[in-house]
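Notes to accompany the following structure.
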Amino acid sequence: MLKAVRGTRDLLPPETALWNFVEAAVRDVFRAYNFHEIRTPIFEETQLFSRAVGEETDVVSKEMYTWEDRTRAESEKGQSLTLRPENTAGVVRAYIEHKLWDRGLNKLYYIGPQFRRERPQKGRYRQFYQIGAEMLGPATAGSESPARDAEILELLATLLDRLGIENWTLELNSIGCANDRAKYNEALRKALEPVAAKMCADCQRRAVTNPLRVFDCKVPEDQPIIEELPRISQYLDEPCRKHFEQVQEILNAVGVAVHVNDRLVRGLDYYTRTAFEFTHGALGAQNAILGGGRYDGLSEMLGGPSAPGIGFAIGEDRLVLALKENAEAVQPKPDVYIAPLGAGMDREAARLARELRRHDLIAELGDETFRLKKSFEVASKLGARFILIVGENEVKAGAFALKNLESGEQVSVARAELARKIQAGH
RNA sequence: GUGGGAGUAGCUCAACUGGCAGAGCAUCGGACUGUGGCUCCGACGGUUGCGGGUUCGAUUCCCGUCUCCCACCCCA
């Protein structure tokens, strides 16, 4: 049997109703913050990602779907293309390509699939969906201001509350600028040298390859050692330190609770200063429901002008997972089930369906070969509020039997009154 | 990529130490010829994930493989 390939899946009703609910709410929130939608291609030149995300990151070095494009002319060299593993790089590429700096501060959001070739598990898929936003532009447009960071974080808090997601935690840190991080990395490496031998195998490896990752360690025995390690906060230069402080002050002023976590590090190369994650219990090991941060140097890394920015990506799959814990989304139910009764009645039923649907009612059209009992059963199963019987008697009389399936009340209603009567039944 | 668990009807799951593949729900039909939900009766439904091996005989044991789940790595 043919199956969806590993790590991909079909989203079926009624679950799609939940996805639509999420996306509608998200668009609504973005609207209030004056964000506008951007849609970038689902695949890009490979080098966009290797340069932006970082050649050495796991995402680029082992998780990308990359292929060489077919060439039409021999003179053309096959281009290396990649399914996007994230969307920030594409947005910044578009920013540069279309010279969006002319517009001042850009506030863009996207919703769409991303692709990473990882081992699937709960909340992790090879085709997964991200809802993200980016605020970027010339520094003169205010893009570098801590107010932008706070605005993004406050938006996210609003969004999660709006969706009815409870028990989220905002983990916040500053990882400084590239300069700070280089100094810090060196200090960390030095501090780890004498103690690494006493740590777990993973940490011994990290101490060499990626010292920052030591902070992700969950082995209890290692914790006392980790506690003693120098923190990035001690290595922030004055502007970075002040920036971080101001972000927290604004969040405090607007009443968004923050958990400063100086062990929070982010994986992609382009992040600077503010780094954050919103976590949620009951998601299993993949407890980060969204993540993001500032990327002040990214535009320049891609050959563009200076364009400080900050953004985030929500794992929509994980968001939906968290939402399922609380409320079961209700798929819209038919307002009325139209039951044609007997041969030739389907024409009149179709006319009525057309009319009622034009009144913005959800109408399900039955089948004239069904016995009335079966029509009732189907209507009940669909959760229709009304059933409308279209039989010979009704057509002759010019009035139709309309039964409220919840109350059991049945009345005879003239054609012209049908839509109003059904709407009133809400 | 690494380690562990699981795959049996559309769904949720049984099947002792290797011995006729089952139940509930769902679906369809009937009880009930223009009135649903409840109840009762009946029917349909299977390459036991796939491929090989051991055996008189494999859902069961062995090997391989695929997929999902859990954890690691990493990330959303």
Side-chain angles (χ1 to χ4, degrees), chain A residues 1-9 12 53-54 56-63 84-88 111-132 156 200-203 205-206 209-210 212-213 216-219 264-268 271 276-280 283-293 311-322 337 339-342 345 366 368 370-394 400-410:
Chain A
M1 190 177 44
L2 289 168
K3 294 194 294 189
V5 307
R6 182 172 203 197
T8 71
R9 58 194 179 136
L12 306 171
V53 176
E56 301 305 318
T57 60
D58 280 17
V59 169
V60 169
S61 64
K62 51 189 196 197
E63 295 172 1
R84 63 186 187 197
E86 58 97 56
N87 218 329
T88 299
I111 299 176
Q114 319 291 338
F115 306 85
R116 288 182 202 171
R117 199 182 181 292
E118 296 179 275
R119 183 122 168 204
Q121 71 185 77
K122 191 187 192 76
R124 169 189 291 170
Y125 307 94
R126 289 180 170 184
Q127 173 173 337
F128 59 102
Y129 294 83
Q130 285 190 333
I131 298 167
L156 285 165
C200 69
D202 279 336
C203 282
R205 182 178 45 75
R206 290 173 179 133
T209 60
N210 195 350
L212 276 177
R213 287 270 155 231
D216 287 337
C217 180
K218 283 151 199 152
V219 178
L264 174 71
V265 292
R266 310 233 77 236
L268 312 183
Y271 284 118
F276 58 87
E277 252 175 33
F278 282 65
T279 57
H280 186 268
L283 278 186
Q286 313 306 321
N287 67 344
I289 203 166
L290 69 93
F312 64 83
I314 304 172
E316 191 174 3
D317 308 78
R318 293 179 188 177
L319 192 61
V320 168
L321 213 54
Y337 182 93
L341 186 62
M345 288 300 123
E368 67 174 23
F370 289 177
R371 289 175 301 109
L372 189 59
K373 174 182 161 61
K374 178 170 165 126
S375 292
F376 266 83
E377 282 169 357
V378 173
S380 300
K381 213 181 102 182
L382 290 173
R385 287 185 306 111
F386 286 95
I387 184 167
L388 177 66
I389 298 166
V390 185
E392 265 179 58
N393 300 343
E394 281 77 9
F400 298 83
L402 181 68
K403 182 168 183 178
N404 185 319
L405 286 169
E406 283 147 32
S407 67
E409 182 201 9
Q410 179 169 331

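Protein chains get the first letters and strands the later ones, always in sequence-line order, with residue 1 at the start of each.
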_Atom pair distance, as rounded to whole Å: NZ in A:Lys373 and P in B:rC38_ = 11 Å
*Would you say the side chain of A:Arg318 and the base of B:rC75 hold a donor-acceptor pair, judged only by whether the two atoms sit under 3.5 Å apart?*
yes
*Under a 3.5 Å cut-off for both distances, is B:rG42 Watson-Crick or wobble paired, and to whom?*
B:rC28
*Classify the nucleic acid contact of A:Arg371 as base, sugar-phosphate or nothing, counting any heavy atom under 4.0 Å across all strands shown.*
sugar-phosphate
*Please work out if A:Tyr125 contacts a base, only the sugar-phosphate, or nothing of the nucleic acid, heavy-atom cut-off 4.0 Å.*
base
*Checking all strands, does A:Gln121 fall into the base, sugar-phosphate, or nothing category for heavy-atom contacts under 4.0 angstrom?*
base
*Starting at the 5' end of RNA chain B and moving along, which residue's nearest nucleotide shows up first, A:Gln410 or A:Arg117?*
A:Arg117
*When we call it a touch if two heavy atoms are under 4.0 Å apart, what does A:Ala288 touch: a base, just sugar-phosphate, or nothing?*
sugar-phosphate
_Whichever of A:Ile387 and A:Glu86 has its nearest RNA chain B nucleotide further upstream toward 5'_ = A:Ile387
*asked:* For the CD atom on A:Glu377, are there more than 12 heavy atoms of other groups (residues, nucleotides or ligands in this structure) within a distance under 6.0 Å?
replied: yes
*At under 4.0 Å between heavy atoms, what does A:Gly123 touch on the DNA or RNA strands: base, sugar-phosphate, or nothing?*
base
*Check every strand shown and say whether A:Arg6 touches a base, only sugar-phosphate, or nothing at a heavy-atom separation below 4.0 Å.*
sugar-phosphate
_Touch class at under 4.0 angstrom, heavy-atom based, for A:Lys403 against every strand present_ = base
*Which part of the nucleic acid, if any, lies within contact of A:Gly383, taking any heavy atom under 4.0 Å across all strands shown: a base, the sugar-phosphate backbone alone, or nothing?*
nothing
_Students often get this wrong, so: under 4.0 angstrom with heavy atoms, is A:Leu372 touching a base, only sugar-phosphate, or nothing?_
base
_Any strand: nucleotide that pairs with B:rG36 via Watson-Crick or wobble, under 3.5 Å_ = none
*If B:rC16 has a Watson-Crick or G-U wobble mate with both distances under 3.5 Å, name it; if not, just say none.*
none
*A:Gly408 near the nucleic acid: base, sugar-phosphate alone, or nothing, with a heavy-atom cut-off under 4.0 Å?*
base
*Who does B:rC61 pair with, Watson-Crick or G-U, both distances under 3.5 Å?*
B:rG53
*Assign A:Ile389 to base, sugar-phosphate, or nothing according to its heavy-atom contacts below 4.0 angstrom with the strands shown.*
base
*Could you measure between the two C1' atoms, the one in B:rG64 and the one in B:rC56, and give it in whole Å?*
26 Å
*So is A:Lys374 actually on top of A:Phe370's ring, under 6.0 Å and inside 45° of the axis?*
yes
*asked:* Please report the distance separating the C1' of B:rU2 from the corresponding atom of B:rU17, rounded so that it comes out in whole Å.
replied: 35 Å
*Can you tell me how far C1' of B:rC74 sits from CD of A:Glu277, to the nearest Å?*
11 Å
*With both distances under 3.5 Å as the test, what is the Watson-Crick or G-U wobble partner of B:rU2?*
B:rA71
